[in-house]
Every structure is written in structure tokens, then in C-alpha cells.
Amino acid sequence: MERTYIKDLESKKGGEAVIKAWVDVRRDQGKLIFLDFRDMTGYVQGVVLPKSPAMETASRVRPEWVVEVHGKVNPRPEKNVQKDKQNGSIELEILSITVLNEAQTPPIDVRGDGREIGEESRLTHRYLDLRRPRMQKNIRNRNKVMLLTRKILERAGFCEIETPNLTIATAEGSRDFIIPSRLEKGKFYALPQAPQQFKQLLMAAGFERYFQFARCFRDEDSRGDRQPEFTQMDLEMSFATEEDVMNLNEKALIEIVQTLYPHKKIQEIPFPRIPYKVAMEKYNSDKPDIRTDKNDPDLLAFAWIVDFPMFEKTDEGAWTFTHNPFSGTKPESMGDLMAKTNIDKIVAAQYDITLNGNEIGGGSIRNHRPEALRKVLEIMGFSEEKIEREYGHMLRAFESGTPPHGGIAWGLDRLMTILENEQSIREVIAFAKTGEGRDLMMKAPSDVSAEQLLELGISVKKPLK
Ligand code: ASP
């Protein structure tokens, strides 16, 4: 008999069915054994009646065993019907059980929401931790958000394009992860902190509307709720103004909330636009929490923060970019940029999007004219040689007919955390690392063999184990 998914069992009421599932709970009541089963579509209660040939196996199986069950889909007597529960009107009378895989007693409980379990144990046994309904929901909802985003962007003419992970340093203001090259000993790739340069080069290449769910890598000290690799919904569009990018993204976010989280309220539509200066004066933060009721878990207060300064001083007193070296300036600041005057007053065409006090994205209209990008790099004190070496390809592209363009990237993990009312991004990432960047399940980072190091031409200062 063909497998029936648990969610479809009610339609087989009165007949027989085969399910393939995990044993969720087992209650031995002497004469009767109750077994609750779950598959990816839901839960159902099964019962083994006295004298059933399945009795012997049923008394052996334990929670988390994987089984194939053949049974009768019986209507429950009226008094036992549980209206609000999935399959509350039926019970599977078990005729036979085939064990597909046994399970040791799980080291962590997979049934509750898991909040009482130490995170180290949860991450070490992540394949078990992900079985809990809360984690199944978070990861499946993440998939729904990604699918809907793809649909919205596809409708708006965007093309999803993958960009390389083995690349060069990508100036997003963080430290790079580097990967040694075996074929060119002593040389290194860097993992991208963001696909910034590639997406702008795709604008030079005439794609006009690009997006990607991009993995980004940033080697930061363990600071707050961060992951060394995280996912951005990254997009770039040609011939676009700040308003175009903001409006498109605002509409997409509203559609996502209204479609997938209809019980949530968006505080203000259109999203308020708050100049950086005002945000700092009024809230002392560039990601202010403007919720009118901070205790309402279903209130979503989005805001755009705009008009950021383009440059800030480093600890050493030099100028550096506040967000992104590729950000352009507002038209009214172009004169100062080109003349390299009033640098502290130059305003970037930069917009961040915040939600309930978190930055969930940011982007800008870029400098698409080579001379403007060159000025930014000069203000930051880069030598002619460094500019050529590190930014030459961008300057060449901008000398080859690159349209004006701009874009944005959402921090998908952060957005999902808020939508799912979670406290940490680790709750919405299937295989999350600890706050210190360790993968406790795979045990990464790890030592590599002496042969591997030799092959790469690398010697490590710390003694090898
Ligand atoms: N690349 C930028 C970032 O990762 C986003 C953007 O400007 O599009 O923050």
C-alpha cells in the first residue's frame, strides 16, 4: 500500500492506510498501547488493541524510532473527538509495525520548545534539536519567506544570479575569512563579506535587476548575536533612485508580513523615514525602537533611516566610510565630494531599514561614475597604486557604460528572528554556530593534517596535535 502522509489520514476515515513516521510518544496502558506518530506533515494518535499481532513490536518501540505502520483509520467515538487537534476525529488502529530504524534514548528532549536545554547540547545534537516543533516551524517558515520573496522579485523582473564565494577581500568593514590556494602557494582567496562588487558588476553587465540569497562571511570577534556566516537577501537595480529601492523593498516586506504573518500588525504604512540626525537626537540610536507598545509581540514597527554621513573618522584620525565605500552621495553633496571639502558634512545616498530596534537591512545608491568613486577612495587616503590594485576592475567597469544603480541587502536571519518572535538568530538557522563561531556538531574549526598543510605550503605556529 502506498504511503499516506499524516495530514491526509482524515480523508481515509473508515479505510486502511500505511504511514511512515517517527514514534513521538508511547503510553503503555497494560492492555492497550498508545503510540503517537509524527511525520513532516503532522501528528496522529495510534492504538494497539489487545491481541493485535502488532503488540509484540509495539511493546518494544520507543520514542524517536522510525517505523512503517499499517492500520485502520477509525473514527473516534464522539466523546473522544478533539476538534482543535490535527486528526482529532480519528485514531489509527495499528495492525502491523515495521521498524525502519531504532533510536537510542535521545540525549536531549525533542518534544518541548527546548528553551530549558543548554544551547551547547542543542547545537551538538542539532539534528535532534531540529525535530522539535518550534524549530521545524522556524525553518519551514524561513523557507516560506524565501519562496515568497523570490516570487515577488521575479514578478518585478529580477533575476537570481549566484556570485562566487572564492574571491578577494570585499571591503565591507569587517575582517575576511581567507582560504589558501593550493595551486598558487602563498596566495589566498577571501570569502565575500557581501556580494557588493559582483552585484554592481552585474549592473555593468546589463542585468538591470539582480537578487540573490547570498551567504556572507565576516570574521568578527564574538560580539552580540552574530554568526560568522549569515544570509542576506541581496539585490541591486539599475536606473533606480533611493525612493525606487525603498518603495520596492517596503512593498515586498508588507506583502511578506500580510501573507505569511497575517496576525501581525505593521505599526505605520508607509514606513516612516527618519533622517540619521533626527534618530540620533531623538532616540540616541541609528536603529531606534519606535514601537508604541513594546510588550505587544505582534507589533512590527519598520522604519527607514536615511541621510547618513558618508564618512567618519577612524581611531587613527583618518576618514573611512560609514557603510560602504561604494555608496554614492546625495546630489547636493556631490560638489563637496568632488572638491574633497566639508567631508564631515557629505551625506550618503544610504538607507537602512530597521524593525523593532534592529537593523534588518541597508543599502544605497552607488557612485557609478568612476571619478566619484575615485574621490571616495582618495578621501580615505588610498594611494593611486592601492586604488588601481584593489578597485581597478570597478573603475574600468564604470568607464564602460554602467548605468546609475543602487540596491540593498536584508539580513534574512535577523528578519526571521523577529518575525518568529525569537531571541536569537541561532533559532532560525538550521545549523547555527555558537556565539564564538564554533560548530559543535561538526567540530569546526578543526585541525588539519600535516600533509594538507604541506600541500598548501602553510606552517602553523601553534603546535599541531
Ligand atoms: N553590501 C551591503 C551590506 O552588506 C548592502 C548594500 O549596500 O547593498 O551591508
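Counting starts at 1 for both ligands and their atoms, following the listed order.
Electrostatic pairing of D109 and R132 does not count as a salt bridge here, judged by no charged N lying under 4.0 Å from a carboxylate O. Taking the charged nitrogens against the carboxylate oxygens, D307 and K330 do have a contact shorter than 4.0 Å, which makes a salt bridge. Salt bridge absent: E120 and R438 never bring a charged side-chain N and a carboxylate O closer than 4.0 Å. With respect to E359 and K287, no salt bridge is recorded, no charged nitrogen being found less than 4.0 Å from a carboxylate O. Between E64 and R38 there is a salt bridge, with a side-chain nitrogen of the basic residue lying less than 4.0 Å from a carboxylate oxygen of the acidic one. Salt-bridge annotation for E399 and R396: present, with a side-chain N of the basic residue lying under 4.0 Å from a carboxylate O of the acidic one.
In summary, the atoms of ligand 1 found under 4.0 Å from a heavy atom of N324, numbered by their order in the structure, are 1 (N), 2 (C), 7 (O). Listed by number with element, the atoms of ligand 1 under 4.0 Å from a non-hydrogen atom of G363 are 6 (C), 7 (O). Near I408, with a cut-off below 4.0 Å to any heavy atom, the atoms of ligand 1 are 8 (O). The contact set between ligand 1 and Q232, taken as ligand atoms under 4.0 Å from a residue heavy atom, comprises 3 (C), 4 (O). Atom numbering of ligand 1 starts at 1 in the shown order; those under 4.0 Å from a heavy atom of A194 are 1 (N), 4 (O).
Distances between N or O atoms of R218 and those of ligand 1 include at least one value under 3.5 Å.
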| task | Could you give me the CA-CA distance, side-chain angles and deciding distance for Q227 and D413, then say whether side-chain hydrogen bond (donor to acceptor under 3.5 Å, both in side chains) is met? | result | CA-CA 10 Å; Q227 292 274 298; D413 309 300; over 6 Å; no

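Of all heavy-atom pairs spanning S174 and R218, the tightest one is OG-CB, 3.6 Å.
At a heavy-atom distance under 4.0 Å, no atom of E236 approaches ligand 1.
Proximity of Q350 to ligand 1 is not established, as no heavy-atom distance is less than 4.0 Å.
The single protein non-hydrogen atom nearest to atom 5 (C) of ligand 1 is G362 O, 3.4 Å, given as residue, atom name and distance. For atom 8 (O) of ligand 1, the closest non-hydrogen atom of the protein is K199 NZ, 2.6 Å. Atom 1 (N) of ligand 1 has Q196 OE1, 2.6 Å as its closest protein atom, hydrogens excluded (heavy atom only). Among protein heavy atoms, atom 7 (O) of ligand 1 sits closest to R366 NH1, 2.9 Å. Shortest contact from atom 9 (O) of ligand 1 to any protein heavy atom: E172 OE1, 3.8 Å.
Taking the ring pair (Phe, Tyr, Trp, His ring centres under 6.0 Å) definition, one finds that F302 meets it with F271, sequence neighbours left out.
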